[in-house]
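Below: one structure, written as structure tokens.
Throughout, a chain's letter reflects where its sequence line sits, starting with A, and its residues are numbered from 1.
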Amino acid sequence: MRASELLRSLLHQAITELGFDWPAKATIEPPKEKKFGDLAANCALMLAKEAGKNPRRLAEELAEKLRAASPHVAAVEVAGPGFLNVTFAPSFWQSYIPRVEAAGNRFGASDLGRGKKAQVEFVSANPTGPLHIGHGRGAAVGDSLARILRFAGYDTEAEYYINDAGKQMRTLGLSVWLRALQLAGKRSEPFPTDCYQGAYIVDIARDMLAVDPALTDLPEEEGIDRCYERGMADIFAGIKQDLADFNVSHDVWFSELSLISDGSVESTLESLKAAGHAFEEDGALWFRATAFGDDKDRVLRKSDGSLTYFASDIAYHANKYARGFESITDVWGADHHGYIPRMRAAIAALGRAQKSFDVVLVQLVNLLQAGEQIAMSTRAGKFETLADVIKEVGADAARFMFLSRKSDSKLDFDLDLVKQRTMDNPVYYVQYAHARIQAVCRRAGERGLDPTAPGDLSLLVHEEELDLLRLLDRFRTITEDAASNRAPHYVSFFLMDLAGQLHRYYAAHQVLGAENDALIAARLRLLNAVGQTIKNGLALLGVSAPESM
RNA sequence: GCGGCUGUAGCUCAGUCGGAUAGAGCGCCAGCCUCCGGAGCUGGAGGCCGCAGGUUCGAUUCCUGCCAGCCGCGCCA
């Protein structure tokens with residue numbers, strides 16, 4: 001039981017004894033200042049409001065009861081307008097070490113999700129070129145969210161939606177085809193500006209010609225088809241490799257085309273029509289999005305008979321619900337935010353609860369070098385692709401940088417900064433804390449100390465030791481909040497706090513140089529518990545926890 | 001024009017479902033290596049929380065209106 005849970009139950013009982021109900025808006029949280037104790041509760045303030053009583057007097061009565069309620073409660077003070085400031089006994093914090101040891105890599109996990117099926121869909125980039133750094137941010141956020149939700153007890157799947165049905169695919173085939181013609185000397189006209197300009201298109205064409213020099217003798221339609229198939233396969237192989245190099249994994253790769261060919265899109269449109277949510281006008285089929293709060297109605301099937309992306313997106317989300325997901329999270333680039341109202345409208349039209357559907361917007365990434373912006377659109381730009389960035393700074397540093405900001409704010413990604421080993425680049429600070437712990441444990445082994453000796457945990461009484469244990473207490477709250485708020489950066493900031501506290505402790509107290517064996521053993525157990533927590537936190541971010549650096 | 005996001009220390013950013021004297025790192029200044037990894041630690045200076053109103057015991061947090069930056073508003077993909 002966490003400190004906050006323990007205090008809540010004790011307070012609950014005290015309030016009941018006084019003949020009141022637990023005030024709905026009451027909070028229990030660590031106070032800003034340490035001198036106010038471990039936890040502050042404002043329930044006396046809230047109760048006074050509801051019951052019309054003097055808050056300080058009420059607080060005094062509750063304090064009286066709390067002091068007698070548990071040996072873990074060391075002190076209760078009434079402060080300010082009626083806050084209850086509670087300090088826990090060292091014995092309570094010391095008990096965290098066996099708990100971490102027992103839980104191991106599950107320490108910090110919870111059953112918040114209670115086995116509910118959750119899905120996170122992310123990246124989902126069109127397979128028309130290599131992933132760029134913006135995709136990388138979405139990949140880091142989505143992948144980390146999936147890990148966090150899983151850790152919070154959700155039965156979670158990570159998914160990539162492949163837009164393989166649109167005009168872009170045709171453009172891809174055409175681009176490769178025209179490059180092949182150029183290479184074969186059968187075309188001298190300038191390369192069209194509405195085709196994909198990247199050098200990778202030329203590479204694909206060259207590879208195809210090397211295998212089959214007669215490629216360009218094919219009839220145009222057949223040639224373009226072949227170029228499309230090969231181009232998409234090549235590009236997808238590249239995307240999968242980039243994601244693997246970035247420590248990102250998807251459980252399911254879902255094809256848009258499959259929704260069209262198996263009739264799902266048509267049947268979704270039919271059911272929308274049947275429910276009165278779709279109508280014909282000007283020769284097109286429209287979704288009545290305005291009935292669900294969107295600004296305007298949206299086209300599903302154009303007057304030329306072709307489907308919009310929106311139509312298959314609705315069918316896709318209907319499919320997600322049909323697969324039993326109770327929580328759906330889409331990670332989108334922020335430039336798609338205008339799409340949210342219509343998607344929410346569609347979810348409502350499908351008869352699904354709004355709260356089952358979340359969109360996490362990932363803002364633009366500004367790629368910089370030495371403070372200067374690198375334009376990502378220029379073909380000459382050396383670091384326009386995710387692969388280049390990973391190669392330059394490493395996957396760990398890149399992921400941590402992406403995950404130590406709110407996803408919904410712009411990010412300046414300075415290559416030189418991310419390579420640095422300073423607190424501007426905190427991944428090293430956190431990893432260093434872990435490596436340092438491992439180094440001490442290795443040294444303990446070399447000195448013939450028994451790493452499994454129980455020691456005497458009650459010897460851990462220094463403030464720096466209790467502060468570390470207090471942070472361990474907070475970890476599960478952090479992972480749960482990160483899950484329910486879809487906010488991986490909570491974990492990053494927690495890890496920076498924990499690493500800082502570890503470094504402070506390390507500077508203040510000797511572990512292997514402690515006065516006696518029992519104390520050495522106790523401190524080693526403390527270090528191991530902290531190391532385990534750092535490792536678990538880094539795992540949620542998809543960042544490695546090195547034994548040495 | 002309408003809508004969304006952002007605006008907090010010189011810089012990069014947390015905090016914001018109302019709480020106590022607003023935080024961290026970097027940078028700057030001053031210190032700490034006979035001692036387990038100095039990629040570290042300690043201390044200091046540095047703030048009209050974009051501006052102006054409102055709600056209340058209390059607002060960086062909620063509401064309204066402005067200002068600035070970015071983005072989005074097609075029978076595009």
Side-chain angles (χ1 to χ4, degrees), chain A residues 25 27 29 31-33 35-36 40 42 45-46 48-49 55 79-83 85 126 128 163 165-171 281-286 294-310 333-342 361 363-364 366 371 401 404-414 417 420-433 435-444 446-447 449 464 485 487 489-490 492-494 496-497 499-500 502-514 520 523-524 527 548-549:
Chain A
K25 291 170 78 178
T27 58
E29 51 194 18
K32 281 179 185 166
E33 292 213 34
K35 68 177 180 191
F36 293 128
N42 66 355
L45 285 171
M46 294 299 141
K49 209 174 221 172
F83 289 103
N85 292 334
N126 290 342
T128 56
N163 287 116
K167 205 172 104 187
Q168 289 187 7
M169 296 303 98
R170 162 89 189 171
T171 305
E281 192 175 295
D282 300 332
L285 180 66
W286 298 72
D294 197 5
D295 292 343
K296 47 183 97 167
D297 294 329
R298 307 289 175 177
V299 173
L300 296 166
R301 189 186 354 252
K302 294 178 258 179
S303 52
D304 69 0
S306 62
L307 293 166
T308 61
Y309 264 78
F310 185 45
D335 53 344
H336 287 76
H337 74 254
Y339 209 72
I340 296 177
R342 83 188 66 169
L361 288 179
Q363 278 284 358
L364 283 178
N366 247 336
M401 176 56 73
S404 52
R405 299 276 186 280
K406 274 185 303 193
S407 62
D408 198 6
S409 60
K410 276 183 304 182
L411 170 66
D412 286 333
F413 192 101
D414 191 316
L417 230 57
Q420 274 176 30
R421 296 166 172 188
T422 69
M423 252 316 257
D424 262 349
N425 181 19
V427 64
Y428 289 107
Y429 188 77
V430 175
Q431 289 183 319
Y432 183 56
R436 212 173 203 183
I437 289 169
Q438 302 311 314
V440 174
C441 292
R442 279 196 301 273
R443 183 57 64 88
E446 289 164 14
R447 292 191 184 177
L449 295 165
E464 293 88 348
N485 293 309
H489 74 279
Y490 288 8
S492 313
F493 281 90
F494 169 80
M496 288 185 250
D497 277 352
L502 184 275
H503 291 313
R504 275 189 288 281
Y505 175 57
Y506 182 91
H509 300 285
Q510 289 270 311
V511 174
L512 301 182
I520 292 174
R523 287 183 174 173
L524 279 173
L527 283 196
S548 63
M549 296 171 69

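- Within the 4.5 Å cutoff, side-chain heavy atoms of Ile520(A) are placed close to those of Leu449(A).
- In this structure, CG of Asn42(A) is placed 13 Å from P of C17(B), rounded to the nearest angstrom.
- In this structure, Met496(A) reaches neither bases nor backbone, as no heavy-atom distance under 4.0 Å exists between it and the strands shown.
- Judged by distance alone with a 3.5 Å cut-off, no donor-acceptor contact links the side chain of Thr308(A) to the base of C75(B).
- Here A24(B) presents its C1' atom at 15 Å from CZ of Phe494(A), a figure rounded to the nearest Å.
- Ring planes of Tyr505(A) and His509(A): tilted class, angle from 30 to 60°.
- Within the nucleic acid shown, Tyr429(A) comes within 4.0 Å of sugar-phosphate atoms alone, with no base atom in reach, counting heavy atoms only.
- The phosphate of G38(B) (OP1 or OP2) has a side-chain N or O of Arg436(A) nearer than 4.0 angstrom.
- Within the structure, every side-chain polar atom (N or O) of His503(A) is placed at least 4.0 Å from both OP1 and OP2 of G38(B).
- In textbook terms, a nucleotide whose glycosidic angle is within 90° of 0 is syn, and C33(B) is one such case.
- To the nearest angstrom, C1' of G37(B) lies 16 Å from OH of Tyr505(A).
- Residue Gln510(A) places a side-chain atom within donor-acceptor reach of the base of C35(B), judged by atom type and a 3.5 Å distance cut-off alone.
- If you take atom C1' in A20(B) and the same atom in U60(B), they sit 15 Å apart, rounded to whole Å.
- Using atom C1' as the reference point in both G15(B) and A59(B), the two lie 14 Å apart (nearest Å).
- Backbone-only contact: Ser409(A) has heavy atoms under 4.0 Å from sugar-phosphate atoms and none from a base.
- The line from CG of Leu285(A) to CG of Leu300(A) is 5.0 Å long, rounded to the nearest 0.5 Å.
- Nucleotide G18(B) has no partner under the Watson-Crick or G-U criteria, as no pair reaches both atom distances under 3.5 Å.
- As rounded to whole Å, 14 Å separates atom P of U6(B) from atom CG of Leu364(A).
- Searching all strands for a Watson-Crick or G-U wobble partner of C66(B) with both distances below 3.5 Å returns G50(B).
- Residue contacts shown for Ala433(A) are absent, as no nucleic acid heavy atom lies under 4.0 Å away.
- Using a 4.0 Å heavy-atom cutoff across all strands shown, Glu281(A) reaches at least one base atom of the nucleic acid.
- No engagement by Gln431(A) is indicated, since no non-hydrogen atom pair under 4.0 Å with the nucleic acid exists.
- Here C73(B) presents its P atom at 11 Å from OH of Tyr339(A), a figure rounded to the nearest Å.
- At G37(B), one or more side-chain N or O atoms of Arg443(A) fall inside 4.0 Å of OP1 or OP2 (strictly under the cut-off).
- Base engagement by Ser548(A) is indicated by at least one non-hydrogen atom pair under 4.0 Å involving a base atom.
- Pairing for G23(B) goes to C13(B), judged as Watson-Crick or G-U wobble with the two contacts each under 3.5 Å.
- Heavy atoms of Tyr309(A) sit under 4.0 angstrom from at least one base atom.
- A gap of 24 Å separates the P atoms of U16(B) and A52(B), to the nearest Å.
- Residue-level contact check: Ala508(A) touches neither bases nor backbone, having no heavy atom under 4.0 Å from any strand.
- Side-chain nitrogen and oxygen atoms of Tyr506(A) include none within less than 4.0 Å of the OP1 or OP2 phosphate oxygen of C32(B).
- Taking atom NE2 of His337(A) as the reference point, atom C1' of C2(B) lies 11 Å away to the nearest angstrom.
- The distance between atom CZ of Phe83(A) and atom P of G19(B), rounded to the nearest whole Å, is 8 Å.
- Looking at every heavy atom in both residues, Ser407(A) comes nearest to Leu361(A) through OG-O, 3.3 Å.
- For Arg405(A), the listed nucleotide lying nearest its side chain is A14(B); candidates were A39(B), C75(B), A14(B).
- Asn85(A) comes within contact range of at least one nucleobase, with a heavy-atom separation under 4.0 Å.
- The separation of C66(B) from G3(B), taken at their P atoms, amounts to 10 Å, rounded to a whole angstrom.
- Closest to the Lys410(A) side chain, of the nucleotides C41(B), G69(B), A14(B), is G69(B).
- The aromatic ring of Tyr432(A) does not sit over the base of G37(B), since the test of centres under 5.5 Å and planes under 30° is not met.
- Proximity of Arg504(A) to the phosphate of U42(B): a side-chain N or O atom is located under 4.0 Å from OP1 or OP2.
- Rounded to an integer number of Å, the gap from CG of Leu361(A) to C1' of G4(B) is 9 Å.
- Counting any heavy atom pair closer than 4.0 Å across all strands shown, Asp282(A) reaches a base atom.
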